[in-house]
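So the structure is just underneath, and the comments pick up after that.
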Amino acid sequence: MTKTSSDLFAQFAERARPEIDAALDRYSQLDEGCPAKLREAIRHSLLAPGKRLRPMLVLMAAEACGARAEAAMPAAAAVEMIHAYSLVHDDLPAMDDDDLRRGRPTCHKAFGEAMAILAGDALLALAFETLAKLDSPPQVVAQCSAVLAEAAGACQLVGGQADDVEGGSTASNDTSSKEALARLESIHRRKTGAMISAAIRLGGLIAWADPLQEAALGRYGERLGLAFQITDDLLDVRGDEAALGKRARKDSRRGKLTFPGLLGVESSRRHAEELIDEAREALAPLGSSAGALEALARHVLDRNC
Ligand code: GRG
């Protein structure tokens, strides 16, 4: 990573992360009617120290298309709420059965399985309640809701997870590696990529992006989402649990398909680099206002957690 882009990302993150965390704290107060244990479970997972990449993408995309980042904050918080819900449910015994997330006990380990399911349910609803706080014209709020609901829904996030649960990303001897790669990409485009793309699209919608800007953000998001998953798999192989804040090497131990498992570490790394190059090229129509998005793309390639 060049010094300039690393500085640019660090600079953006240093400014945005505390603002995102403050917004998440504010929007998850839930004083009236919410049982204390449920509130604690929701906030345990939502306010845990995640990287906040998805909310930062919302803010960066909005800024790249000429809006103020603050105007997009409810959308940024909404995306993080859906992400947090998906992690809570993904960690459940019926799914990945994990005990560590973001360096903390997973929600069901801390609060029990029933409360973790309910905390996830509540986070999903809270996301749309929060999105509705956008100070944008009703048609923009409606479009944002549709984009977010679609990305979180049966054909994207939940669908990708369903295929994964059904063994879609389990290694098998009777499929060619080309077929296996296509299957793996299809799962991750939905499970990981869709929410990343939606985050970027929301920023564009809030800033009234024109069709050219919208198309550029779409191409950027698609490449970034897949590259993010490949680097996630590479970090899992490296296995630094302290940095990751979660158990490492679980996928390979369970016989699940991964990019390094299919392509090898070096080719996976090259594939991620190509995708990040394409993502950065896609930003050309946005000019210098897309500097933070460009820096984030480079950061994804070089991240260690
Ligand atoms: C249960 C509906 C449902 C979906 C689960 C998000 C997901 C689908 C599963 C998470 C499992 C996983 C480790 C996926 C790989 C990529 C990914 C989404 C990682 C977590 O995102 P980060 O690295 O996490 O941005 P932080 O904690 O930094 O926000």
Side-chain angles (χ1 to χ4, degrees), residues 13 16-17 20-21 24 44-58 76-77 79-104 106-108 113 116-117 119-121 123-124 127 148-166 168-169 184-185 187-199 224-241 243-254 256-260 272 296 299-301 303-305:
R17 267 204 206 112
I20 292 165
D21 286 342
L24 293 173
H44 168 89
S45 294
L46 181 65
L47 305 181
K51 293 183 288 296
R52 312 290 187 233
L53 283 186
R54 293 158 191 79
M56 278 200 271
L57 281 168
V58 177
V79 168
E80 185 67 12
M81 285 167 185
I82 292 189
H83 175 56
Y85 127 73
S86 78
L87 297 178
V88 170
H89 281 195
D90 188 62
D91 289 335
L92 288 168
M95 300 225 191
D96 260 7
D97 194 11
D98 268 308
D99 53 9
L100 189 68
R101 172 70 69 184
R102 294 173 162 179
R104 294 183 174 183
T106 48
C107 196
H108 67 276
E113 204 176 331
I117 293 170
D121 295 341
L123 277 164
L124 178 57
L148 194 56
E150 196 188 326
C155 302
Q156 302 285 346
L157 175 69
V158 176
Q161 179 75 354
D163 273 352
D164 199 2
V165 164
E166 290 289 297
S169 69
L184 188 64
E185 290 200 356
I187 286 181
H188 290 308
R189 279 215 160 85
R190 289 171 286 153
K191 197 177 132 170
T192 311
M195 283 300 294
I196 288 178
S197 288
L224 182 76
L226 198 52
F228 182 83
Q229 183 60 49
I230 297 173
T231 55
D232 202 72
D233 283 359
L234 286 166
L235 286 169
D236 189 63
V237 170
R238 205 192 293 165
D240 184 348
E241 292 186 352
L244 293 174
K246 61 181 180 184
R247 298 272 172 247
R249 299 200 191 91
K250 276 193 86 168
D251 286 351
S252 49
R253 279 205 293 263
R254 286 174 176 173
K256 276 198 160 190
L257 289 176
T258 64
F259 287 96
L296 184 140
H299 169 81
V300 160
L301 204 51
R303 69 200 179 105
N304 62 2
C305 66

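Atoms within each ligand, like the ligands themselves, are counted from 1 in listed order. These numbers come from the heavy atoms of this one structure, side chains and all, not from hydrogens, waters or symmetry mates.
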Is the contact between [X] and ligand 1 made by the side chain, the backbone, both, or neither, using heavy atoms and a 4.0 Å cut-off?
X: Arg102; result: side chain
X: Asp90; result: both
X: Met195; result: neither
X: Leu53; result: neither

Residue, atom name and distance, where the atom is the protein heavy atom closest to [atom]:
atom: atom 23 (O) of ligand 1; value: Lys51 NZ, 2.5 Å
atom: atom 13 (C) of ligand 1; value: Lys246 NZ, 3.5 Å
atom: atom 18 (C) of ligand 1; value: Arg54 NH2, 3.5 Å
atom: atom 6 (C) of ligand 1; value: Ser86 OG, 3.2 Å
atom: atom 2 (C) of ligand 1; value: Tyr85 OH, 3.6 Å
atom: atom 19 (C) of ligand 1; value: Asp232 OD1, 4.0 Å

Worksheet item: So does Lys191 pair up with Asp163, basic N to acidic O under 4.0 Å?
Response: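 Salt bridge absent between Lys191 and Asp163.
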Item to complete: Run the salt-bridge test on Arg303 and Asp232 with the 4.0 Å N-O cut-off and return the result as yes or no.
Response: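 Here Arg303 pairs with Asp232 in a salt bridge, since their nearest N and O are under 4.0 Å apart.
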[Y] backbone acceptor or donor facing [X] side chain under 3.5 Å:
X: Arg102; Y: Ser45; result: yes
X: Ser86; Y: His83; result: yes
X: His89; Y: Ile117; result: yes
X: Thr106; Y: Asp98; result: yes

Using a 4.0 Å cut-off to any heavy atom of [X], which atoms of ligand 1 qualify?
X: Phe228; result: 22 (P), 23 (O), 25 (O)
X: His89; result: 1 (C)
X: Leu87; result: 10 (C)
X: Lys191; result: 7 (C), 8 (C), 9 (C)
X: Gly50; result: 27 (O), 28 (O)
X: Gln229; result: 15 (C), 16 (C)
X: Leu157; result: 4 (C), 8 (C)

Closest approach of [X] to [Y] (non-hydrogen atoms, all atoms of both residues):
X: Val88; Y: Ala116; result: CG1-O, 3.3 Å
X: Gly245; Y: Leu100; result: O-CG, 3.6 Å
X: Lys51; Y: Arg17; result: O-NE, 3.1 Å

Worksheet item: Should one rank Met95, His83, Gln161, Arg190 by closest heavy-atom distance to atom 20 (C) of ligand 1, which comes out on top?
Response: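 It is His83 that holds the nearest heavy atom.
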Roughly how far, to the nearest 0.5 Å, is [atom2] of [Y] from [atom1] of [X]?
X: Leu57; Y: Ile196; atom1: CG; atom2: CD1; answer: 7.0 Å
X: Leu92; Y: Glu113; atom1: CG; atom2: CD; answer: 6.0 Å
X: His299; Y: Asn304; atom1: NE2; atom2: CG; answer: 8.0 Å

Practice prompt. Take every heavy atom of His188, measure it against each atom of ligand 1, and state whether any distance is under 4.0 Å.
Written response: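 Per 4.0 Å heavy-atom rule, His188 does not contact ligand 1.
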